[in-house]
**Student:** 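Here you go, one structure.
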Amino acid sequence: MIEFDNVSLTLGSFSLKNISLTINEGDYYFVLGPSGAGKTVILEAIAGLHRPDSGSVLVRGEDLCNKPPEKRKISLVYQDYSLFPHMTVFDNVAFGLKMQKCPKSEIRMKVDDILDRFNISHLRDRHPLTMSGGEQQRVALARSLVVNPKILLLDEPLSALDPLTHEKFIRDLRSLHKEQGLTIVHVSHSRQEALSLANNVAVIIDGRLVQEDTVEGVFNRPSTEEVGRFVGIENIFRGRVNRNDDSLINVDVCGVNISAVGNYPDGTEVNLFIRGEDIMLFQTDGAVTSARNTLEGEITDSFHVGAVVRVNVDCGIPVSVLVTRQSSEEMNLIRGKKVIVRFKATAVHAVPVNMDAAEI
Amino acid sequence: MIEFDNVSLTLGSFSLKNISLTINEGDYYFVLGPSGAGKTVILEAIAGLHRPDSGSVLVRGEDLCNKPPEKRKISLVYQDYSLFPHMTVFDNVAFGLKMQKCPKSEIRMKVDDILDRFNISHLRDRHPLTMSGGEQQRVALARSLVVNPKILLLDEPLSALDPLTHEKFIRDLRSLHKEQGLTIVHVSHSRQEALSLANNVAVIIDGRLVQEDTVEGVFNRPSTEEVGRFVGIENIFRGRVNRNDDSLINVDVCGVNISAVGNYPDGTEVNLFIRGEDIMLFQTDGAVTSARNTLEGEITDSFHVGAVVRVNVDCGIPVSVLVTRQSSEEMNLIRGKKVIVRFKATAVHAVPVNMDAAEI
Amino acid sequence: MVKKAKKYIFPDRCLISFSLVGGLIIALTVLALMNMAVKELSDIPHILKVASDAKVIDSIVLTMGAGFNAILILLLIGTPLAYVLARTDFPGKGIVESLVDLPVMLPHTVAGILVYILFMSRGLLGAPLEEIGLSFEDAYPGIVVAMLFVSSPYYINSVRAGFEKVPLHLENVARTLGATRFQAFIRIVLPLSARHIFNGSILAWGRAIGEFAAVIMIAYYPMVISTLIYYRFTTGGIKESSTVAFVMIIACLGAFFVLRYVSRFLGRYDDRV
Amino acid sequence: MVKKAKKYIFPDRCLISFSLVGGLIIALTVLALMNMAVKELSDIPHILKVASDAKVIDSIVLTMGAGFNAILILLLIGTPLAYVLARTDFPGKGIVESLVDLPVMLPHTVAGILVYILFMSRGLLGAPLEEIGLSFEDAYPGIVVAMLFVSSPYYINSVRAGFEKVPLHLENVARTLGATRFQAFIRIVLPLSARHIFNGSILAWGRAIGEFAAVIMIAYYPMVISTLIYYRFTTGGIKESSTVAFVMIIACLGAFFVLRYVSRFLGRYDDRV
């Protein structure tokens with residue numbers, strides 16, 4: 001539906017370099033990258049507020065470079081909400097309809113309807129500056145949706161909300177996308193948001209597209225070490241394939257042998273990605289499981305990370321394991337304790353290193 | 001060590017109301033609250049940059065209201081790092097020592113030493129504006145520590161960092177506190193940071209102190225529903241005690257009976273707090289466990305939240321359970337499936353509702 | 001949204017000495033005003049006589065009116081220029097900005113000469129305009145054009161600063177909602193910089209009615225108030241002219257007081273960061 | 001840290017028409033300059049004669065020197081005032097701000113009268129100062145004090161804006177590291193507003209050397225350049241005075257060009273948001 005074809009764009013000291021993206025109708029498309037990576041500029045280019053220096057932005061196959069933003073039917077919600085401070089909530093939401101020269105009675109109906117749907121009817125006559133962040137957020141969303149856009153662009157919509165409003169809003173977005181089939185493009189630096197919401201993800205680092213894939217793809221099979229670290233994979237090892245049994249490879253990582261599913265010739269240098277929650281910890285007297293990889297080690301450190309506990313184990317290579325608080329207490333996972341670490345070959349994602357070079 | 005005795009302070013439209021806090025020597029003290037709750041002002045008051053309208057700030061029993069900030073030996077690191085843009089990293093770090101009229105050779109030694117300790121020696125002659133957020137953060141921390149402060153104040157030190165730098169920095173802070181015994185006061189809206197770092201926590205909402213307790217206290221036994229929601233407890237129910245067996249109470253929540261540890265007379269209205277990770281899910285044919293509370297229900301919804309999966313179950317009352325991704329896949333926890341929900345009486349924290357009123 | 005915190009600070013030694021040194025400038029202004037006020041108020045009948053002098057009243061009305069006229073022209077042609085400067089970058093923008101500022105930096109008599117030789121009866125613009133009946137030398141249009149020239153930078157720069165304070169995001173959102181750039185300008189940018197436009201107008205008006213050098217060169221007659229004061233200073237002496245000056249100060253204070261009061265009701269939303 | 005994005009935008013209909021309307025003001029200035037330049041450059045020997053006239057050179061040197069003198073005084077007493085205004089709130093601050101701005105809003109001849117009656121030989125300050133040998137009427141100190149009075153708001157407001165742009169957090173951090181307020185001012189605030197101070201000085205200097213009305217009232221002699229131009233305008237006629245004006249424009253442009261060039265090397269860190 002939206003295609004970025006080799007778009008380059010320089011704005012002052014910042015630049016996007018040869019970005020190609022494909023956003024399909026009905027997607028929840030996530031643009032993920034560190035702060036300051038120019039993710040907002042991508043949204044503004046889709047909305048027509050910037051003109052690419054080269055390359056083209058196609059919407060349904062039509063090159064939009066000469067279509068001004070007011071004719072694109074693409075709504076944009078900024079991180080700062082950008083409500084019009086001199087208008088009431090009603091007038092803010094009605095703005096787009098007025099610009100489209102809707103009859104007054106229809107405007108009143110449509111606006112009241114959407115205010116109701118977003119549970120903000122009681123704010124109808126308030127001015128934005130007197131409202132909380134969560135309330136402003138809802139108004140901004142209502143304002144952008146009342147004009148019935150083809151695409152909704154969201155610029156870090158959750159970063160300024162406190163945790164309570166945050167969770168509520170994620171639920172709203174999910175329902176907007178699932179129940180109403182809206183195409184949404186969402187930019188953020190938060191991998192949590194991407195995991196909770198996205199279908200497809202583009203990872204943008206330093207103005208370059210590093211990976212475009214499904215959310216599972218990006219989070220489980222990062223194309224480079226850089227992406228792996230950014231999406232928060234706890235264990236990333238570099239090693240060399242030393243045996244290839246059809247679709248099962250054996251990788252030597254600093255002398256430790258790890259089995260992974262994959263098919264690369266002997267001698268290939270690969271990055272191995274293993275999520276901390278895919279690794280199991282056992283007492284040294286624990287039972288045998290089907291897991292291919294079994295390492296012995298000693299706990300070096302363990303600490304809470306939100307609802308889970310992260311346990312670092314030295315097995316020759318440093319392995320990080322995520323366990324629930326309950327398991328941590330039951331197994332008494334403290335520093336110095338010897339444990340067995342197990343993970344399946346299918347939990348290890350091997351990506352050849354030379355793909356890194358191809359991307360850069 | 002630091003005592004806030006009934007401090008009130010109004011700055012423009014914002015105000016702190018009768019805040020009393022006690023920060024002990026060697027504490028990692030966390031001030032937690034929604035954005036804009038005036039947490040920074042508390043730090044600035046400790047540093048002597050604001051003078052309270054009423055009440056007093058005592059450090060080691062001495063009232064500091066007339067001691068200017070430059071004589072307090074309290075360092076402050078702002079969220080924006082606030083490096084001096086016209087000085088090199090060396091000069092930034094040396095600034096405090098120069099102000100204390102250290103001899104030049106000693107300054108050079110001390111600064112080089114701390115730059116080395118923070119692994120930023122290579123930045124010595126760079127100017128701050130050319131550095132990444134993580135680098136700036138380290139320089140700001142080195143600058144504040146080289147003067148050997150009695151207390152370190154941190155204002156949302158992690159919020160502007162990308163996830164990678166974030167985790168590294170949490171480790172640095174933990175070692176600063178644990179290994180060097182520094183007293184740290186950290187303000188933030190992030191409950192994750194509080195869980196990873198704090199000993200004691202003060203929850204500030206709307207300029208009022210709502211709860212001051214150990215980190216376990218605040219996260220497991222919130223004094224009010226408001227705090228409970230803020231610290232992210234997934235299940236909060238209001239009910240009435242209908243039986244009291246010595247230290248075990250039975251609470252009626254909309255017709256569902258829940259056992260909790262506690263000792264309140266019959267008829268007391270209580271809030272029950274249950275963390276999602278303290279609740280277990282079983283197939284309907286599962287074994288009996290020691291858990292006191294067993295409810296049957298149907299899954300209404302399930303979705304990823306970071307590394308875990310949140311499953312909402314309708315058991316007459318809506319119960320949210322956090323499980324690992326692995327369990328979720330193995331048990332096939334999808335919408336409409338019937339499951340059994342179990343949790344121990346000790347996982348239920350009962351707090352009488354009238355305590356709410358006392359706080360407000 | 002973030003209101004600037006009030007900064008009532010307990011004064012330390014540094015602030016106190018800074019206030020004492022810096023206070024010398026304030027003291028000079030206060031002393032100058034008091035000095036004149038004491039002298040003038042000792043002879044109230046004389047003030048009343050001067051204040052009711054038809055020549056003085058006519059001159060004040062002429063000055064304020066011509067200033068108002070210049071501001072009206074600025075509103076129409078200065079506002080679009082301020083918007084273009086606020087929102088776009090183009091090669092040579094620095095030169096355009098310097099040209100906008102030029103009238104501030106030029107000595108007033110030089111500005112006067114520039115305007116005079118352009119608009120005098122034999123001038124490049126003065127000659128053809130005289131043909132169609134618009135004469136500038138020693139005439140009302142000459143006063144207006146001189147005032148316009150010297151006050152334009154004040155208006156344009158104030159309004160530009162106001163436009164720059166309106167977040168670009170608001171305009172962007174308005175456009176994605178279907179507003180053309182002009183509609184976004186009228187409905188978003190203008191209302192949110194109402195106070196800057198008003199204050200810029202006051203500032204430019206103050207500069208316009210205060211101009212002397214540029215005005216006398218093209219139009220000694222009809223006498224604006226500055227010319228009248230100078231005329232009385234050189235002919236009637238100090239007592240005459242200082243009373244006229246005092247009356248003008250009162251009139252200006254009155255006008256500014258009213259205008260500032262009105263501006264309070266304007267653009268409450270300008271404060272948005 | 002966040003560099004302001006360049007905004008080269010594809011021009012739409014709205015921007016083009018705004019540019020055309022707003023361009024009228026630029027066109028007026030350009031036309032005025034061209035009109036004079038064409039006339040003057042047609043008689044280059046005359047320019048050279050005027051430019052080498054000792055009276056003209058003396059007057060330009062006198063004007064620029066007196067302006068420089070006024071700015072030196074402003075640096076010393078205006079800078080602390082600007083800091084106090086930037087960093088503190090106190091009851092009656094609005095009145096102090098109005099007093100700072102007063103010289104901008106007063107008609108120039110009124111400002112001249114105020115300065116004259118305070119510093120004339122029989123004046124409140126003029127009389128005692130004449131006793132100790134400092135006389136203002138028709139003398140160099142009179143020129144400096146008139147220039148100081150009219151240019152002070154420009155300096156104070158620019159420098160204040162510069163101080164306000166220095167993040168308060170930087171001062172706070174410096175203080176927690178052991179700097180007194182004065183040390184923080186010298187080591188943090190001043191270096192970070194160097195460019196604002198320099199540009200404020202240029203602006204105030206430009207205003208000072210351009211003053212005519214306030215200067216002639218207290219000191220017709222020695223003639224500053226504005227007075228000389230006006231004198232030749234009323235006696236020698238337009239040709240004489242417009243050539244002097246042209247020479248002065250060249251001198252001003254030269255001076256500003258050099259000063260702006262110098263300012264590039266100052267305060268690279270002022271841009272920090």
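Numbers restart at 1 for each chain; the letters A, B, ... are given by sequence-line order, proteins then strands. Quick note: numbers below take in every heavy atom, side chains included, and nothing from hydrogens, waters or symmetry partners.
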**Student:** Kindly compute the distance separating CG (C:Leu170) from CG (A:Asp80), expressed to the nearest 0.5 Å.
**Tutor:** 7.5 Å
**Student:** On the six-membered ring of A:Phe84, is A:Arg143 placed so that its NZ or CZ lies under 6.0 angstrom from the centre and within 45° of the ring axis?
**Tutor:** yes
**Student:** Can you confirm whether more than 12 heavy atoms, excluding those of C:Phe256, are under 6.0 Å from its CZ atom?
**Tutor:** yes
**Student:** Hey, mind stepping through A:Lys150 and A:Glu25 against salt bridge (Lys or Arg N to Asp or Glu O under 4.0 Å) and telling me if it holds?
**Tutor:** CA-CA 9 Å; A:Lys150 290 182 187 137; A:Glu25 189 136 9; over 6 Å; no
**Student:** Does any heavy atom of chain A fall under 4.5 Å from the side chain of C:Ala174, the backbone, both, or neither of them?
**Tutor:** both
**Student:** For A:Ile74, is it the side chain, the backbone, both, or neither that has a heavy atom closer than 4.5 Å to a heavy atom of chain C?
**Tutor:** backbone
**Student:** So for A:Lys98, is it side chain, backbone, both, or neither that comes closer than 4.5 Å to the heavy atoms of chain C?
**Tutor:** side chain
